[in-house]
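All chains are named by letter (A, B, ...) in the order of the sequence lines, taking the proteins before the strands, and each is independently numbered beginning at 1. Source: prediction; values computed, not measured.
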Number of protein chains: 2
Amino acid sequence: MNASAPRAPAKPTGLDCRLAVLGSDVRLTPHRREVFDVLASSTDHPTAYDILDRVKSRSPHISLATVYNCLEHLTTAGLIKQVQLERGQSRYCANLHEHVHFHCETCGKVSDAHPAADFDPAKFWNLPKGTKVTRMDIAIHGTCEACTAKH
Amino acid sequence: MNASAPRAPAKPTGLDCRLAVLGSDVRLTPHRREVFDVLASSTDHPTAYDILDRVKSRSPHISLATVYNCLEHLTTAGLIKQVQLERGQSRYCANLHEHVHFHCETCGKVSDAHPAADFDPAKFWNLPKGTKVTRMDIAIHGTCEACTAKH
DNA sequence: TTTAGAATTAGAATGATTCTAATTGCATTA
DNA sequence: TAATGCAATTAGAATCATTCTAATTCTAAA
């Protein structure tokens, strides 16, 4: 064991600002902020590669490993959500409002849909007594408005 | 181009029986039947490796490639469903009744939960007019009864 | 300033799945 | 019954997304 007590986490100063959200926090380093900003200004649920491409326009030397690292930290902190709609690449989303994902099987686009105000999902399924629910992932697959019209 | 017309698909004879379900069909070869039977008698949503293990007790020489191949054919035919609860291995399920998956984040077990009789999922989300829904994937994550009790 | 820990990086390693090419099996046609 | 041709099966290679590793750089507190 090391005799010295663990140092307290660094406090926000200059660029090293933090955001406390949902009881967790992250050091918002420049790269993490860029990744977050890219995601916050996207509505298309980009993959890690998509995010790499977009962040590169501001930070040409950022690596894929860093993008994955940033995404993990932001996800752990609850600032963004990882979305697994199908096997293969994960997608990411900065919309923290309760919502479901609509996936168009024709054009591949993913969009958010928001529930009606009175929707209480848990009560519709007969879960055994004592079950605790922490989150729900709802994905709706089909054909979007545009693709339906084109047909 | 080959001058001969394509041969009509083989008809059911002996082992080469088919099942027509949801407008599609599969040749139910011995391996496909074994994979299907394993799945139909499992409630734990096994992965491809799990299925390989179980089928091996009857067909010791079956390969992982064949298991994947069978799973793909059975999925395409609508006899089973692929379930993607998190990144990594896909799981498979032969329960074709409308249901949602409950995933215990403590013990990792996956179980089915069935909706209340009057549940009409589509009407709860404000999807753009013209959107066509073909299927919904609903995953509920949390702590199962047993793990909650142990705590 | 020094220093310890965290962030970043490139590239290797991993894990799950898909692809490829060769072989085998089965059912129709000769 | 034998020949034929497609589908099924196989082992192993290839691929893809992600995670890991080890080295380097950065940041902020001492």
Side-chain angles (χ1 to χ4, degrees), chain A residues 2-18 25-36 46-53 55-56 58-77 82-92, chain B residues 2-18 25-36 46-53 55-56 58-77 82-92:
Chain A
N2 194 321
S4 63
R7 184 159 27 160
K11 289 189 202 79
T13 320
L15 281 173
D16 181 27
C17 48
R18 284 155 180 270
D25 72 346
V26 233
R27 292 182 65 169
L28 223 47
T29 64
H31 281 165
R32 291 183 191 170
R33 171 171 283 287
E34 280 165 5
V35 167
F36 179 77
T47 64
Y49 282 84
D50 294 334
I51 294 166
L52 177 66
D53 280 345
V55 170
K56 265 188 173 163
R58 298 171 140 264
S59 294
H61 299 300
I62 194 170
S63 75
L64 181 59
T66 299
V67 170
Y68 272 112
N69 183 306
C70 293
L71 290 170
E72 198 203 308
H73 281 270
L74 294 169
T75 303
T76 303
Q82 187 187 33
V83 181
Q84 193 73 45
L85 285 170
E86 40 187 358
R87 109 154 305 288
Q89 295 172 92
S90 296
R91 293 163 173 279
Y92 297 86
Chain B
N2 194 321
S4 64
R7 184 158 27 155
K11 287 186 204 80
T13 319
L15 283 171
D16 180 30
C17 48
R18 285 155 182 271
D25 71 346
V26 232
R27 291 181 65 168
L28 223 46
T29 64
H31 282 164
R32 291 183 191 169
R33 172 170 282 285
E34 280 165 5
V35 167
F36 179 78
T47 65
Y49 282 85
D50 294 334
I51 294 166
L52 176 66
D53 280 347
V55 172
K56 266 187 173 164
R58 298 170 141 268
S59 294
H61 299 301
I62 194 171
S63 74
L64 182 59
T66 300
V67 170
Y68 273 112
N69 184 307
C70 292
L71 289 170
E72 198 202 308
H73 282 270
L74 293 169
T75 303
T76 303
Q82 187 188 35
V83 181
Q84 194 73 44
L85 285 171
E86 40 188 358
R87 106 152 310 286
Q89 296 172 88
S90 296
R91 293 164 173 278
Y92 297 86

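- Taking every side-chain heavy atom of Arg32(B) into account, dA8(D) is the closest of dT8(C), dT18(D), dA8(D).
- Residue Thr29(A) has no polar side-chain atom (N or O) positioned under 4.0 Å from OP1 or OP2 of dC26(D).
- Applying the side chain to side chain contact (heavy atoms under 4.5 Å, CB included) rule to Thr47(B) yields the partners Tyr49(B), Asp50(B), Gln89(B), Arg91(B); only residues at least two apart in sequence or on another chain are considered.
- Residues meeting the side chain to side chain contact (heavy atoms under 4.5 Å, CB included) test with Glu34(A), sequence neighbours left out: His31(A), Val55(A), Arg58(A), Ser59(A).
- With rounding to whole Å, Leu28(B) atom CG is found 10 Å from dT9(D) atom P.
- Contact between the side-chain N/O atoms of Arg87(A) and the OP1/OP2 oxygens of dA16(C) is not found at any separation under 4.0 Å.
- Rounded to whole Å, atom P of dT17(C) lies 12 Å from atom CG of Leu52(B).
- Closest approach of Tyr92(B) to Ala48(B), counting heavy atoms only: CE1-N, 4.2 Å.
- Here the P atom of nucleotide dT17(C) and the CD1 atom of Ile51(B) are 10 Å apart, to the nearest Å.
- Nearest heavy-atom pair, Leu74(B) versus Arg32(B), reported as atom, atom and distance to 0.1 Å: CD1-O, 3.8 Å.
- Closest approach to the Ala48(A) side chain among dT18(D), dA8(D), dT17(C) is made by dT18(D) (side chain taken as heavy atoms from C-beta onward).
- Rounded to a whole Å, the CZ atom of Arg33(B) is 18 Å from the C1' atom of dT9(D).
- Across Gln84(B) and Glu86(B), no two heavy atoms sit closer than the pair NE2-O, 3.0 Å.
- Regarding Arg91(A), its CZ atom lies at a distance of 16 Å from the C1' atom of dT18(D), rounded to whole Å.
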Protein and nucleotides 14-16 of chain D: nitrogen or oxygen contacts under 3.5 angstrom:
none

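- Side-chain atoms of Ser90(A) and Gln82(A) form a donor-acceptor pair, as typed in the model, at a separation below 3.5 Å.
- As a whole-Å value, the separation of Glu72(A) CD from dT8(C) C1' is 14 Å.
- Straight-line distance from the CG atom of Leu71(A) to the C1' atom of dA7(C): 15 Å, rounded to whole Å.
- Considering only the side chain of Tyr68(B), dA16(C) comes nearest among dT8(C), dA17(D), dA16(C).
- Atom CG in Leu74(A) sits about 11 Å away from atom P in dA7(C), given to the nearest Å.
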Atom pairs under 3.5 Å: protein N/O with N/O of nucleotides 9-12 of chain C:
| unit_1 | atom_1 | unit_2 | atom_2 | d |
| --- | --- | --- | --- | --- |
| dT9(C) | OP1 | His61(A) | O | 3.2 |
| dT9(C) | OP2 | Ser63(A) | N | 3.4 |
| dT9(C) | OP2 | Thr66(A) | OG1 | 2.3 |

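- Scanning for side chain to side chain contact (heavy atoms under 4.5 Å, CB included) contacts around Glu72(B) gives Thr76(B), with sequence neighbours left out.
- Among the heavy atoms of the strands, none lies under 4.0 Å from Thr47(B).
- Taking the side chain to side chain contact (heavy atoms under 4.5 Å, CB included) definition, one finds that Asp53(A) meets it with nothing, sequence neighbours left out.
- When each of Leu52(A), Thr66(A), Thr29(A), Leu71(A) is tested with Val35(A) by the rule side chain to side chain contact (heavy atoms under 4.5 Å, CB included), just one qualifies, namely Leu71(A).
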